[in-house]
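Computed from a predicted model, the values in this text were never measured in an experiment. Numbering of ligands and ligand atoms starts at 1, following listing order.
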Amino acid sequence: MFSRRLPASLEANRISRALEAARARGPLIDLTETNPTRVGLRYPEREILDALAQPGALAYQPDPRGLLSARRAVAGYYAERGATVSPERLFLTASTSESYSLLFQLLCDPGDRVLVPEPSDPLFELLARLAAVEIAPYPLRYHAGWYLDIEELEQKLDDRTRAVLVVNPNNPTGSFLKRGELDRLERVCAERSLAIVSDEVFADYWFAPDPERVPTLAPGPAGQRRALTFCLSGLSKLCGLPQLKLGWIVAAGPAELVREAEARLELIADTYLSVGAPVQEAAPRLIALISDVGAQLALRVRTARAELAARVSGTALQLLDAEGGWSAILRVPRTRSEEEWVLQLLDDGVVVHPGFFFDMPEEAYLVVSLIAKPEDFSEGIERLIARVHAGL
Ligand SMILES: Cc1ncc(COP(=O)(O)O)c(C=O)c1O
């Protein structure tokens, strides 16, 4: 009776069932917490509520690309990062997840394929399925840091592939695309008429500068993208406001292709017109919160990462290299499976993700969120280290 776009079974897995039972027993330290509104940040509440209560929010001004004042504010965000984005190249959406759906509808027929990095967030698989699109993974390799092997990626392309998805920086690996990698990726995509979709929701969260890093695929002042490219971001991660539902798509690439893509994207966006007026009116003031809430989050993740590195040094855990993002990957001894480590940690009152949740290549890894409340983070990591040492 129901669509095959949805998973055949919705039954909870062993970890989810154990988590539910542990929650019923009492409070847990959640090292999978990625909801910024729950981690003790200081939000300028009055400012946010005032911004959302402007008279313009009472008018309905449908525009498939979104309100020009909001798009100008987003263009300003890119200008501050050295990219030149005209408000004409921008589409506002209700979230990055929605941006993906619109782009899958733009680029793919049912059964077409999109290449996605592995390891990465399980979100993409479900978003693709819901659009009747197949995903095929291309591996990110780890050897003294994460890198993209473009030959391996090329081997994954077939005549149904329509786009390559890059997550910059990727979650949970925290790896950014490097200039040389992008150069080769663009060449391959331009030659084969593939689009590049660049998810940049974590772009502002880097630990140390690196001139080789690609901060965004939005073009610089002299730059053009060689392949049709879409950059995605939004308020969710940049200013810790996922509940306000504002994301965006920047289109770039060869002019004629961009024109054709935008005309079609406009039709799709016009069919939904899903972004609410209050958040569009508020966008300039909300984007300005990157220097407040965004800065708190950036400090939070850098501090947590440094603490984690210091705490695991000399233990049986290894912290994998990362350049940014909100997650950290810990290699744990293979004396237990990832599932067993996760279940034992639940007994200790600590929630972590197993590496397989993100399709990590081999056992055994655990993934923790760097934005958890600092006191929870410290206590959770202490229990984690104790558990691993007890399990040796
Ligand atoms: C890499 C990545 N992209 C996109 C999203 C979704 O963002 P949004 O809240 O804007 O839909 C997430 C959310 O967790 C994410 O981790």
Exercise for the section: Compute the ring centroids of F176 and W206, then answer whether they are less than 6.0 Å apart. Expected result: no
Practice task
Give me the ring orientation class for F357 and H353: parallel if the planes are under 30° apart, tilted from 30 to 60°, perpendicular past 60°.
Solution key: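 Parallel, since the angle between the ring planes stays under 30°.
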Problem - Reference residue D30; test salt bridge (Lys or Arg N to Asp or Glu O under 4.0 Å); the match among R23, R38, K373 - result: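 Going through R23, R38, K373 one by one, the salt bridge (Lys or Arg N to Asp or Glu O under 4.0 Å) with D30 is satisfied by R23 alone.
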Fill in the blank from the handout: Test salt bridge (Lys or Arg N to Asp or Glu O under 4.0 Å), reference E323, set R305, R302, R213, output is R213
Could you give the side-chain donor-acceptor pairs of residues 313-320 under 3.5 Å, partners two or more places apart or in another chain?
{"unit_1": "T315", "atom_1": "OG1", "unit_2": "V312", "atom_2": "O", "d": "2.6"}
{"unit_1": "T315", "atom_1": "OG1", "unit_2": "L317", "atom_2": "N", "d": "3.0"}
{"unit_1": "Q318", "atom_1": "OE1", "unit_2": "R331", "atom_2": "NE", "d": "2.7"}

Problem - Common cluster, L106/Y100, ILVMFWY with side-chain heavy-atom separation under 4.5 Å - result: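 Same cluster: L106 reaches Y100 through Ile, Leu, Val, Met, Phe, Trp or Tyr contacts under 4.5 Å.
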Practice task
Run through ligand 1 for me and note each protein residue having a heavy atom under 4.0 Å from it, chain first, then residue number.
Solution key: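 Contacting ligand 1 under 4.0 Å are S95, T96, S97, D121, L123, V167, D199, V201, F202, S236, K237.
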